[in-house]
Amino acid sequence: MTLLEVKGLVAGYGSGPDILRGIDLTLEAGQIQCIIGPNGAGKSTLLKVICGILKPRDGEVIFEGESITRLRPDQVLKKGICFVPQERSLFPHMTVGENLRMGGYALKNARETRKRIKEIYRQFPTLKQKRWQAANQLSGGQQQMLAMGRAMVLSPKIVLLDEPSLGLAPLIVEHIFEIVRQFKENGITVLMVEQNAHKGLEFADWGLVLDLGKNVFDGPADTILADPRIQELYLGTRRVQEGI
Amino acid sequence: MITDFLNGEYVHEVQILIFSLTLGGVYALMASGLTLVFGVMRIVNLAHPAFIFIAAYISYYAFTELNLDPMESILINVPLMFIFGVIVYRVFLASGADQPRYTEKTVLLTFALALMIEGVLGYLFTGANRSTTPTYTTEVFFTGEAQYLVPKAQLYALLMSLVLIIFTWSFLQFTRMGYAIRATMQNRAAAQTVGVNVKWVSTFSFGMGTALAGAAGALMSFLFSFFPNTHWEWVALLLSLIVLGGMGSLVGAVVGAFLLAGTAGLVSDAYGPSWSPLTFYAALFLILLIRPQGLFGKKLEMT
């Protein structure tokens with residue numbers, strides 16, 4: 001079943017040039033889809049448009065057959081699309097517990113929020129252990145874990161992850177992608193952007209390659225990983241192997 | 001030290017501190033709205049004292065026409081000023097809130113707003129000095145062995161200010177709206193991603209800051225005399241309070257208010273009243289040099 005559809009999306013910042021220049025995307029329910037592409041391809045911009053932070057200049061975002069193009073971010077969230085931005089997405093002077101509570105803000109139901117936070121603590125004992133600490137005292141990996149845990153409190157239909165592995169040590173990156181898989185196991189569809197293309201595709205079902213604001217290729221993640229042209233252009237392996 | 005105070009060694013100084021610290025509460029209440037509005041929206045509201053003056057005039061007319069005690073007129077000022085704040089925010093300040101140079105823009109905008117309010121107040125109420133005169137403004141308590149003099153008006157204003165500040169603090173700390181406001185203060189973009197309607201939170205916070213100015217205006221109406229263009233004297237005073245305490249911090253505003261009120265009182269006693277405003281400016285310069293984020297301020301985390 002198609003959960004989310006993006007058609008001919010054009011967007012940019014302020015009066016600047018178009019960053020997205022007609023993007024199409026289809027997200028199936030239950031999938032982990034990974035968007036890759038070089039810097040400036042418009043990956044993060046695409047997520048911002050989908051979650052309503054940035055208004056597109058043209059094109060449409062359709063969620064469960066209904067256009068959500070013109071909705072405010074809090075309205076998009078209520079539909080069931082939760083965005084986890086790149087870095088600094090926490091409330092630094094609130095405790096871990098308060099951050100999770102803010103995750104349930106849109107539920108407007110304190111008891112249900114507490115119940116779900118308990119479930120998050122069960123899945124992430126580290127967060128439970130640190131529940132009284134301010135978010136800015138956590139390590140980078142723990143902060144990312146908290147940001148993703150906070151998204152789970154809402155149990156959204158789709159979670160949008162913007163470079164979840166950015167700036168983290170390799171061992172922790174592995175752990176973060178395990179959490180991405182946990183989203184899927186909890187029945188949450190994942191659309192993520194990854195600079196670490198290899199790792200991202202390894203954990204994904206479907207891949208989408210963006211370049212210069214357009215989608216150049218999409219297909220099953222393992223096909224993309226194996227495709228020599230894409231490897232050469234966007235994954236950089238061939239060049240490394242040949243020592244160029 | 002404490003026993004010296006009790007034995008009457010520092011009777012004069014203690015008396016000065018009683019006079020000045022009982023004003024500290026009102027300073028804190030005046031500054032709390034300013035710091036809240038800066039914390040949530042990064043608006044430096046130079047018109048905040050002008051808002052306080054509008055409220056003081058409402059209390060003045062409630063007192064003279066309706067025979068309403070200024071403390072009671074807080075109940076009128078708060079809702080009226082809340083609505084006024086919401087309208088001002090929507091009309092003048094709401095647009096461009098997410099642009100990088102917003103704070104600079106608000107300094108100019110609110111400066112103009114203060115000028116406009118001053119003009120309107122001058123036109124409506126003339127330049128005459130006003131103040132409300134409920135009976136307790138001329139009454140005093142005597143306390144302690146040294147028979148310290150405590151002006152009733154200042155004591156009442158102090159208690160009312162503390163009640164209102166504690167109420168504000170609890171609201172921010174424990175209610176759903178309070179959570180939303182603090183979240184928006186700490187990380188506007190993230191607040192948006194968890195479903196906080198930051199536009200509404202901003203509007204509400206500005207209304208709340210203006211409502212606090214409304215309450216402060218009622219208290220000011222019997223503590224100080226006022227006429228339309230003296231609101232400028234309060235701008236530097238209030239700004240130095242919140243810079244000292246840490247911009248955006250409610251606790252900081254309270255501590256800053258009492259610290260500066262006490263210091264200004266002692267300075268004015270030792271060197272003459274004309275030196276007391278200097279205390280505020282000196283504090284402003286010093287804190288900016290030594291600890292720019294203020295006593296309780298958190299380093300701004302820009303997104």
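Values reported hereafter were calculated over all heavy atoms of this structure, with side chains retained and with hydrogens, waters and symmetry mates removed. Per chain, numbering begins at 1; letters A, B, ... match sequence-line order.
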Does any backbone or side-chain atom of L154(A) lie under 4.5 Å from a heavy atom of chain B? Answer side chain, backbone, both or neither.
neither
Does E98(A) pair with R182(B) as a salt bridge, N-O distance under 4.0 Å?
yes
For the residue pair Q182(A) / E178(A), report whether a side-chain donor-acceptor contact shorter than 3.5 Å exists.
no
Greatest number of heavy atom pairs closer than 4.5 Å to chain A - which of A190(B), A191(B), A180(B)
A190(B)
Given a strict heavy-atom distance threshold of 4.5 Å, which part of V196(B) is in contact with chain A: side chain, backbone, both, or neither?
both
Does D205(A) come within less than 4.0 Å of K184(A), counting only side-chain N to carboxylate O?
yes
Do L100(A) and R116(A) have side chains that get closer than 4.5 Å, going by heavy atoms?
no
K108(A) versus chain B, heavy atoms under 4.5 Å apart: side chain, backbone, both or neither?
both
